[in-house]
Amino acid sequence: MINTKALLTGVAVSLGVVSGTHAADAVHGQLVFGVWCTGCHEPLPGPSYAPPAGTYVLEQHYHGRVPSALEQRTDLSPTQIRTTVRNGRNMMPQTRKTEISDADLDDLIAYLTQHNKTKHGK
Amino acid sequence: MRIPQGTSEADFKAALQEFTNVVGPDWVFTSDEDVAAYRDAYSPFVGQPDKMNVAGAAVSPTTVEQVQQIVRIANKYTVPLFAISTGRNLGYGGSSPPFSGSVIVDLKRMNKVVEVNETEAYMIVEPGLSFIDMHRHLTSIGSNLRLSAPQPGWGSPIGNGLDHGHGDASFNGDNFSMVKGLEVVLPSGELLRTGCGAVPGSKLWMHYEYGFGPYINGMFSQSNFGIVTKACFWLTPNWEVQQSFTIESDKTDDMQRYIDALLPLRNEGVLHGWGITSPIRESGAHNDGRHPYGPKEVYALLHSPEGGTVQQWDDLGRSSNIPAARGMGSMRGAAPVVAAQLAYARERLKGLPGNFTVGKPIYGKDWLGPRIDFGIIAIQETSHGHFYFSPMFKAQAKDIFAINDTIRRVMIEHNDYDMLDNFCWSGTRGAGPDKYMLILLEFLVHDDIDLNNRRLDLFRALVKTCGENGWPEYRTPSYMQDIVMNQYSFNDHALRRFHETIKDAIDPSGILAPGKAGVWPKRLRKT
């Protein structure tokens, strides 16, 4: 499990303002996840009084067929991640390029797909 | 591309080209995909694109000078602008403009911490800085100051404060009350600093908000009179411990006695927060992701013509072992002070009927900080989010029962028993309101267009009826600005007409956020 507390409190990195081409960086992608995704998508039961909403909803949806916490998934495709981040889904709203830049999104995809058993095209 | 009414396509495109010259091509957004990212993520008009408020384009500056240039270009071509801080005001329209075709001025990249002063407990920040960003900054410098953050924490102190949002740490939850000074780009492009910030080299911008002359900070909240580029906020140190208590009884009539005891304690500053409710009446509610815990007879009483008598509710509460009246109080600060306040409150409440229970202490050091966490609110039967009905009412038992019964009757008139069962009844919940209280009722958005339209009709009817009874909205989505301003209609809408007089004087081209708070510039005003 990732130490999200350290990510959220120990590092001050500006996100969402990078543009241009670069090699996708899964380590930076982990930081993007920690800032933008963790609150709703960390493993159950989560640290708050209520369960992490995204993980809870995915748990209800998949009933254990795949892990409900996104960081434990090995089947997410780059297209699936990109589409969901940019368009949103149900309660999850879309995210703009001023928030997660295209470069940050590439890094996030690299992080969430790094343990995939099959390679998906972007 | 959506061209705004009143602007020619040639002028709109010329303005976009000049915006590009100011911020660079990467930060002017015109493609359908990029502009769609500024839609209201929770719009109840899903599936009805002709009814949605949509942006025409977006531009994202990083400096005050760029904001000034954008505003001057907009004047030159009569292009409407709508500024957002982080645009995460979900449930109240998010980043969508009240006037379709407006160019969003996305201030997200203006995210600097200008200054933090630990001893004097203030911060000066830019609008794109989120609660999460600021919390991380405070943590990285070892600060003990605590933000008054709502959840999720991706909104910004400036955006939340300017829209009269509430957090959990300011004096009464009211974040705008903590704003002391503003820096504003006016509709002319001129730069203004309010209060003591108007004194060249001022040392007191963040200390004394009034300065000299008319006090105008409020004119830039929920308004279209300027684009705020910096704000000074007072902060509070993180508290050592928060202690809460409840007092409960099986008699509805004890509710006002609790109020008569708790509100003076709040007025004296003994309590940091307080609340009042009727658990048996709320026990069937399942809005806000809550689970009903009461008996099914709750719904039968709610559906009955008079909504159940006091005796019926008290009897139902007794038979289900759920209180009919509950008062709540909380205090926070240093442990010895909180212990003394709790003892004092207990003494003052002695003699009141009911059971006094002390809650589990909550320690400030355990705070997780603001997070992007929707909590239980996300666990609802919705496919597209929600929008809020949020009327204010007096913290008096008579008013609490009156507004709840009014809402109940309007829902029954609209034959919407699902919504009534969802809502049931509301006292107040959470920290914040003081002599007034708020109902925060989510209207869930579904895939069913007819259902969404019926709910919008219900929402409008509730706003109208509650307004006529003196319970106005405190805040509303971008598409409801006009009907809410119409609640504030004393003396033939003197307040709105005053706003319009100011609007026409300072924004003669009518470019800044047309329609915000129901205030339209002359060129777009319906006579």
Side-chain angles (χ1 to χ4, degrees), chain A residues 4-21 31-42 44-61 82-83 85-103 105, chain B residues 24-27 29 33-42 58 60 62 84 86-88 90 94-95 104 106-109 111-113 128 130 132-133 135-141 151-154 289 366 368-380 382-386 444-445:
Chain A
T4 50
K5 189 174 179 185
L7 276 173
L8 287 167
T9 60
V11 190
V13 176
S14 177
L15 291 167
V17 292
V18 181
S19 65
T21 57
L31 181 60
V32 176
F33 189 91
V35 171
W36 285 99
C37 317
T38 293
C40 284
H41 287 290
E42 63 200 314
L44 296 171
S48 302
Y49 71 100
T55 312
Y56 179 87
V57 169
L58 292 173
E59 178 81 23
Q60 304 303 306
H61 183 72
R82 193 181 305 278
T83 303
V85 168
R86 287 287 180 237
N87 295 342
R89 188 174 179 179
N90 290 350
M91 283 284 288
M92 175 182 161
Q94 72 277 9
T95 307
R96 293 177 273 274
K97 289 180 179 174
T98 51
E99 299 172 317
I100 298 180
S101 68
D102 284 337
L105 183 51
Chain B
D26 285 349
W27 303 110
F29 300 105
E33 182 189 354
D34 287 343
V35 175
Y38 292 90
R39 72 185 183 277
D40 176 7
Y42 291 176
S60 178
T62 53
I84 61 169
T86 63
R88 289 299 178 190
L90 301 172
S95 48
I104 306 297
D106 181 348
L107 302 172
K108 177 63 192 169
R109 297 194 305 146
N111 59 0
K112 286 195 284 295
V113 180
S130 72
I132 293 172
D133 297 333
H135 176 70
R136 290 165 68 215
H137 178 79
L138 292 173
T139 304
S140 72
I141 63 174
Q151 293 286 29
W154 50 12
D366 295 335
L368 293 168
R371 292 152 43 88
I372 299 172
D373 183 353
F374 288 77
I376 56 174
I377 204 169
I379 305 165
Q380 305 183 95
T382 173
S383 40
H384 297 282
H386 58 256
L444 303 182
V445 181

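Since the model is a prediction, treat every value here as computed from it, not as a measurement.
Contacts between B:Asp133 and chain A at a heavy-atom distance below 4.5 Å are absent for every atom of the residue. Both the backbone and the side chain of B:Tyr38 come within contact range of chain A, judged by heavy atoms closer than 4.5 Å. Of the two parts of B:Thr86, only the backbone, made up of N, CA, C and O, holds a non-hydrogen atom closer than 4.5 Å to a non-hydrogen atom of chain A. Using a 4.5 Å cut-off between heavy atoms, B:Ala58 does not touch chain A at all.
In terms of heavy-atom proximity, A:Asn90 sits nearest to B:Tyr42 at O-CE2, 4.5 Å. Across all their heavy atoms, A:Gln94 and B:Ala37 have their closest contact at NE2-O, 3.1 Å.
Atoms CG and NZ, from B:Asp106 and A:Lys97 in turn, are 12.5 Å apart once rounded to the nearest 0.5 Å.
Applying the side-chain hydrogen bond (donor to acceptor under 3.5 Å, both in side chains) test to B:Ser95 and every residue at least two apart in sequence or in another chain returns A:Arg96. For B:Arg39, there are no salt bridge (charged side-chain N to carboxylate O under 4.0 Å, His left out) partners two or more places apart in sequence or in a different chain.
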I would like to know whether B:Trp27 and A:Thr98 meet side-chain contact (heavy atoms from CB on, under 4.5 Å); could you show each step before the answer?
CA-CA 8 Å; B:Trp27 303 110; A:Thr98 51; 4.0 Å; yes
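With chain B as the partner, the residue from A:Gly46, A:Cys40, A:Pro52, A:Ala53 showing the most heavy-atom pairs under 4.5 Å is A:Cys40.
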